[in-house]
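See structure below.
Model, not experiment: these values are computed from the prediction. Just so it is clear, the values below take in all heavy atoms, side chains as well, and ignore hydrogens, waters and symmetry mates.
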Amino acid sequence: MADKKLSALVAGGGLGGLATAAALAQRGWDVTVLERQPELRANGSGIYIWENGLRVLKAIDAYDQAIEGAFYGSHFEQRDQHNRVIDSGPTPPDRRLITIMRSQLLKALEQAGKRAGVRVRTHVEAIGASARGEVQLASGERLRADLVVGADGIWSRVRQSLGLEILHEQTREGALRTMIERRPDDTAPEDAKKYIENWNGVHRLLITPVSDTQTYLALTCPHDDARACNTQIDKAYWSALFPQWAHLIERIDGPVSWGRYSITRCKAWSSGRAAILGDAAHAQPPNLGQGGGMAMQNGLALASFLGDIQDPREIPDALEAWENSERAIVEHCQKWSCLYGEISYLPDEVRAQVVRSAMANPWSYEQIFRAASHAPTGAF
């Protein structure tokens, strides 16, 4: 048994799936990623990677490619409807924060996996899995492996077929996401290294540079505000909400995506020799910038707990140990991301007071940044 490689099928070629696949392959597993799209591609525009995510990338040999040309923010700043600063929090050296294109991160994870021997099959849709390590494909084909990992997103068929779901709900909020050209005069010189989150009632505008030449914009609003959430951006509407940033809003001319936020909770993250992670297991609103970070972190941890396994019969116990180790930090991050979203519905002046108080209080500050400061299992 010790001479035979253990095998894994990973359903889903997103951030969590590719990080898991790379980490398993680096520990000697025979890994195949099953992706339903014709190619691996990133949904979304820019992405935040905090210290915990950077440590994961270092551990799975994806760091150098992922951070090339990245934007290193000096502060994450929140402003009110009058463009007054609510809070301006610096990013300390021991809790780094970078932003890059999501596609760049996906490619770095893909290449790290390929160097370790990961195979990727595209045009392959997993519609179910079993605790015995089987995957049912939409084509009718049934695949078997020692381990199955469902990293197949918020509508996970793996999660559903294993009977693990407690809750899957979409929040009232969602976001329009797009990229614009970055120009030197977009912000005042003192703001050039900042990420700036602007509030006005139930609407938000997040300005996120991702390189010297590109800026990621996220325009957040309730899904039932039809004028606000239209992917044909109503520039007059959004410019009236955030007049100080009208020059950025007017430049939107590329693809715009819309998505409501999702929350998933499960009674367990595994059944037998099948596991779920990422949005399939613990989706959260993006308010703390940790959706991808938690998925990658959990994938590395899973591989770490399975790294010394020699017999497939040991896998269920290892998966249980993995969940017992990781669930607390993941669910803490999910809870505080949801709490952060709730302040969208506070009156403007009350919200400003709440944010200032939370950031000034050592206890609440630690809760908000606990995930970002966490040392991931399996990282250096």
- Query: Just wondering, do Q26 and D61 contact through their side chains at under 4.5 Å, heavy atoms?
  - Reply: yes
- Item | Nearest-0.5 Å distance, CG of residue L109 to CD1 of residue I60 | 5.0 Å
- Hey, could you give me the CG/OG1 distance between L15 and T20, rounded to the nearest 0.5 Å? 10.5 Å
- Whether N361 side chain and S364 backbone form a donor-acceptor pair below 3.5 Å: yes
- Query: Charged N to carboxylate O under 4.0 angstrom, D186 versus R251?
  - Reply: yes
- Message: Rounded at 0.5 Å granularity, tell me how far CZ in R144 sits from OG in S7.
- Response: 11.5 Å
- Query: Is there a donor-acceptor pair closer than 3.5 Å between any side-chain N or O of K114 and the backbone N or O of A22?
  - Reply: no
- Message: Please say yes or no: joined through hydrophobic side-chain contacts below 4.5 Å, possibly via intermediate residues, are I166 and L277 part of one cluster?
- Response: no
- Query: Between Y216 and T99, is any side-chain donor less than 3.5 angstrom from a side-chain acceptor?
  - Reply: no
- Is it true that the side chains of D185 and H247 contain a donor and an acceptor less than 3.5 Å apart? no
- Task: Kindly state whether the ring of W269 and the ring of W322 have centres lying under 6.0 angstrom apart.
- Result: yes
- Query: Which atom names give the shortest non-hydrogen contact between V135 and A126, and what distance separates them?
  - Reply: CG1-CB, 3.7 Å
- Treat each ILVMFWY residue as a node, draw an edge where side-chain heavy atoms are under 4.5 Å apart, and state whether V118 and V56 are in one component. yes
- Item | Ionic contact status for R183 with E181, cut-off 4.0 Å | yes
- Can you tell me how far the CE atom of M179 sits from the OG atom of S257, to the nearest 0.5 Å? 11.0 Å
- Query: Do the side chains of E35 and R121 get nearer than 4.5 Å, heavy atoms only?
  - Reply: no
- Task: Answer yes or no: does atom CD of E68 have more than 12 heavy-atom neighbours from other residues, nucleotides or ligands under 6.0 Å?
- Result: no
- Message: Quick one: does any side-chain atom of T215 pair with a main-chain N or O of P209 as donor and acceptor, under 3.5 Å?
- Response: no
- Query: Does the side chain of I47 reach to within under 4.5 Å of the side chain of M101, using non-hydrogen atoms?
  - Reply: no
- Task: Consider only side-chain N and O atoms of W245 and N198, and report whether a donor and an acceptor are under 3.5 Å apart.
- Result: yes
- So does D224 have more than 12 non-hydrogen atoms from other groups sitting under 6.0 Å from CG? yes
- Can H75 and D191 be counted as having a side-chain donor-acceptor contact under 3.5 angstrom? no
- Message: Just checking W155 against H168, ring centres under 6.0 Å apart?
- Response: yes
- Query: Would you say I329 and I368 are hydrophobically clustered, going by side-chain heavy atoms of ILVMFWY under 4.5 Å?
  - Reply: no
- Item | E349 bridged to R84 by N-O distance under 4.0 Å | yes
- Query: If we only count heavy atoms from C-beta on, is the L147 to L319 side-chain gap below 4.5 Å?
  - Reply: yes
- Task: Would you check if there is a donor-acceptor pair between the side chains of T32 and R119 at a distance under 3.5 Å?
- Result: yes
- Under 3.5 Å donor-acceptor, D80 side chain and N83 backbone: yes
- Is there side-chain contact between W238 and L241, with at least one heavy-atom pair below 4.5 Å? yes
- Query: Should C338 and P285 count as side-chain neighbours, where that means a heavy-atom distance under 4.5 Å?
  - Reply: yes
- Item | Exercise: do R370 and Q367 side chains pair donor with acceptor under 3.5 Å | yes
- Decide whether Y72 and R96 meet the rule of one side-chain donor and one side-chain acceptor closer than 3.5 Å. no
- Below 4.5 Å, heavy atoms only, C-beta onward: do D308 and E314 meet side chain to side chain? no
- Query: Between E173 and R204, does at least one N-O distance fall below 4.0 Å, as a salt bridge requires?
  - Reply: yes
- Is there side-chain contact between H223 and W258, with at least one heavy-atom pair below 4.5 Å? yes
- Classify the side-chain pair R182/Q214 by whether it contains a donor and acceptor separated by less than 3.5 Å. no
- Any donor-acceptor pair under 3.5 Å from K235 side chain to E250 backbone: yes
- Query: Is the Lys NZ or Arg CZ of K193 less than 6.0 Å from the centre of F71's six-membered ring, within 45° of the axis?
  - Reply: yes
- Salt bridge R227-D234, side-chain N to carboxylate O under 4.0 Å: yes
- Message: Treating S271 as the side-chain partner and L162 as the backbone partner, does any N or O pair qualify as donor plus acceptor under 3.5 Å?
- Response: no
- Note on the structure: Note: L106 and G13 closest approach over all heavy atoms is CD1-O, 3.6 Å
- Just checking, any donor-acceptor pair under 3.5 angstrom between side chains of Q111 and R115? no
- What distance do I49 atom CD1 and I98 atom CD1 have between them, rounded to the nearest 0.5 Å? 4.5 Å
Name each donor-acceptor pair under 3.5 Å that joins a side chain in residues 371-380 to protein atoms two or more places apart or in another chain, with its distance.
| residue | atom | partner | partner atom | Å |
| --- | --- | --- | --- | --- |
| S373 | OG | F369 | O | 3.1 |
| T377 | OG1 | E326 | OE2 | 2.7 |

- Task: May I ask you to decide if I196's main-chain N or O and E77's side chain share a donor-acceptor pair within less than 3.5 Å?
- Result: no
- Is it true that a side-chain atom of T178 and a backbone atom of L217 form a donor plus acceptor pair closer than 3.5 Å? no
- Query: Are S262 and E169 linked by a side-chain donor-acceptor pair shorter than 3.5 Å?
  - Reply: no
- Report the C-alpha separation of H282 and N298 in whole Å, then their side-chain angles, then the decisive distance to 0.1 Å, and conclude whether the side-chain hydrogen bond (donor to acceptor under 3.5 Å, both in side chains) test is met. CA-CA 10 Å; H282 42 79; N298 219 3; 3.1 Å; yes
- Item | N-O pairing of R95 and E51 below 4.0 Å | no
- D279 backbone acceptor or donor facing T264 side chain under 3.5 Å: yes
- Does A283 offer a backbone N or O that forms a donor-acceptor pair with the side chain of Q334 under 3.5 Å? yes
- Query: I100 and L54: same hydrophobic cluster, using ILVMFWY side-chain contacts below 4.5 Å?
  - Reply: yes
